[in-house]
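As structure tokens, the structure follows; a few thoughts come after it.
Starting from 1, each residue takes its place in the sequence as its number.
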Amino acid sequence: MIVILTKLNQFYIELNQNEVSFSYIFVLMIIARLDIKRELILKASLDLIYSLGLQGASISKIASHSNIAVGTIYYYFESKNKLILELSKYCRSKANAFILLKTDLEMEVREQIYALSNILIDFYITHAEIFSFAGQFYSSPYYIQMMEQNCTDTYGMDLIKNIFDKGVKKKLIREIEFTTFMYFFMGSIFSYVKINITNLAYIDKTNRNDLITMIWDGIKSTKCIKETSLN
């Protein structure tokens, strides 16, 4: 939405007009309304996928749930495949906004890993529908389709990678592939959140702290291990 408004504003300036016309404001209002309707479709899709699963959330059911006509949904998303891929971006952007809001970039690497772990756990526990979607999406053909399209959108991965790269550069995190790091890091976070949401076992703040300590112990470099032993 911000990108659209920015482009319109640039276009308006290029017209060398000195006063905001009624037509210009009217166009902005229409675009804002269209953007809101698009988000309503995405939110309705997320709700249904949470309750019915990826396969159960058909376009007709999404239309009924959002009170938006099927034809209008296809106006925004040419197919269910496209809708699911856009929903993945939407969910990652929500997570990214939450991470950026809560992250202190001035912290040391160890403290950032601890903080980031807590931030992600809090986000997914309070957004169970996004957590559910992520679990279904990354084990579905939709994810394979996204990878085949060479999608370069990271939506939060850059921040995590920057912390990882800084840790490796300072020899605080062991030299492993970032992909391997993410499998271990996010896998641990997701397992904890799943246990919490489904009440598979009793967990408290101590369990969470122990988990995050285990994550750090699993990724920290030999240098950190030696320094800890000396202390």
Side-chain angles (χ1 to χ4, degrees), residues 1-9 11 22-102 119-157 159 186 189-190 193-194 196-199:
M1 179 62 186
I2 294 175
V3 174
I4 295 173
L5 293 177
T6 301
K7 289 182 178 179
L8 275 174
N9 191 50
F11 172 73
F22 174 78
S23 298
Y24 177 68
I25 295 175
F26 183 68
V27 169
L28 292 183
M29 290 174 64
I30 291 176
I31 292 177
R33 185 175 179 182
L34 290 174
D35 198 63
I36 290 172
K37 186 166 287 189
R38 182 179 186 276
E39 184 159 358
L40 286 174
I41 296 170
L42 291 172
K43 286 182 176 180
S45 302
L46 195 58
D47 288 343
L48 283 179
I49 290 170
Y50 182 48
S51 59
L52 302 177
L54 274 173
Q55 299 303 318
S58 64
I59 293 294
S60 60
K61 289 179 180 178
I62 293 171
S64 178
H65 188 67
S66 62
N67 200 28
I68 295 173
V70 171
T72 303
I73 293 177
Y74 280 117
Y75 171 79
Y76 289 96
F77 310 99
E78 61 188 32
S79 64
K80 182 179 176 180
N81 279 10
K82 183 66 176 177
L83 171 58
I84 298 301
L85 293 177
E86 289 300 313
L87 184 57
S88 171
K89 293 180 183 180
Y90 174 78
C91 290
R92 284 181 287 152
S93 66
K94 289 290 184 183
N96 185 39
F98 189 85
I99 292 170
L100 290 175
L101 181 66
K102 302 284 185 176
I119 290 167
L120 286 169
I121 288 172
D122 287 340
F123 175 79
Y124 284 116
I125 286 177
T126 55
H127 296 80
E129 72 286 356
I130 292 180
F131 176 75
S132 174
F133 172 78
Q136 296 180 65
F137 177 80
Y138 288 110
S139 59
S140 74
Y142 296 109
Y143 175 65
I144 297 174
Q145 183 180 346
M146 183 184 76
M147 297 303 293
E148 289 176 346
Q149 292 177 358
N150 296 317
C151 178
T152 57
D153 295 325
T154 56
Y155 295 95
M157 295 285 283
L159 176 62
M186 292 304 297
I189 297 296
F190 270 46
V193 173
K194 184 175 182 179
N196 187 290
I197 291 176
T198 57
N199 294 314

Stepwise side chain to side chain contact (heavy atoms under 4.5 Å, CB included) test for Lys80 and Ile62:
CA-CA 10 Å; Lys80 182 179 176 180; Ile62 293 171; 5.7 Å; no

Hey, mind stepping through Ile121 and Asn196 against side chain to side chain contact (heavy atoms under 4.5 Å, CB included) and telling me if it holds?
CA-CA 10 Å; Ile121 288 172; Asn196 187 290; over 6 Å; no

Identified side chain to side chain contact (heavy atoms under 4.5 Å, CB included) counterpart of Arg38 within the set Leu40, Leu42, Ile36, Ile41
Leu42

What is the distance from atom OG of Ser79 to atom CD1 of Ile73, rounded to the nearest 0.5 Å?
12.5 Å

For Ala63 and Ala69, which heavy atoms make the closest approach, and how far apart are they?
CB-C, 4.3 Å

Please round to the nearest 0.5 Å and tell me the distance separating atom OG of Ser58 and atom CG of Leu48.
8.0 Å

Begin with the C-alpha distance, continue with both residues' side-chain angles, and end with the deciding distance and a verdict on side chain to side chain contact (heavy atoms under 4.5 Å, CB included) for Phe123 and Lys94.
CA-CA 9 Å; Phe123 175 79; Lys94 289 290 184 183; 4.3 Å; yes

How about OH on Tyr50, more than 12 heavy atoms from neighbouring residues, nucleotides or ligands closer than 6.0 Å, or not?
no

State the NZ-CD1 distance between Lys194 and Ile189, to the nearest 0.5 angstrom.
15.5 Å

Considering non-hydrogen atoms only, spot the tightest contact between Ile119 and Ile99 and give its length.
CG2-CA, 4.0 Å

Are any side-chain N or O atoms of Ser140 and backbone N or O atoms of Phe137, one a donor and one an acceptor, separated by less than 3.5 Å?
yes

Can you list the residues that meet the salt bridge (Lys or Arg N to Asp or Glu O under 4.0 Å) rule with Lys43, with sequence neighbours excluded?
Glu39

To the nearest 0.5 Å, atom OH of Tyr90 lies from atom CD1 of Ile130 at 7.0 Å

Rounded to the nearest 0.5 angstrom, the CD1-CE distance for Ile84 and Met146 is 13.0 Å

Let me confirm one number: the CG-OG distance from Leu54 to Ser45, rounded to the nearest 0.5 Å.
10.5 Å

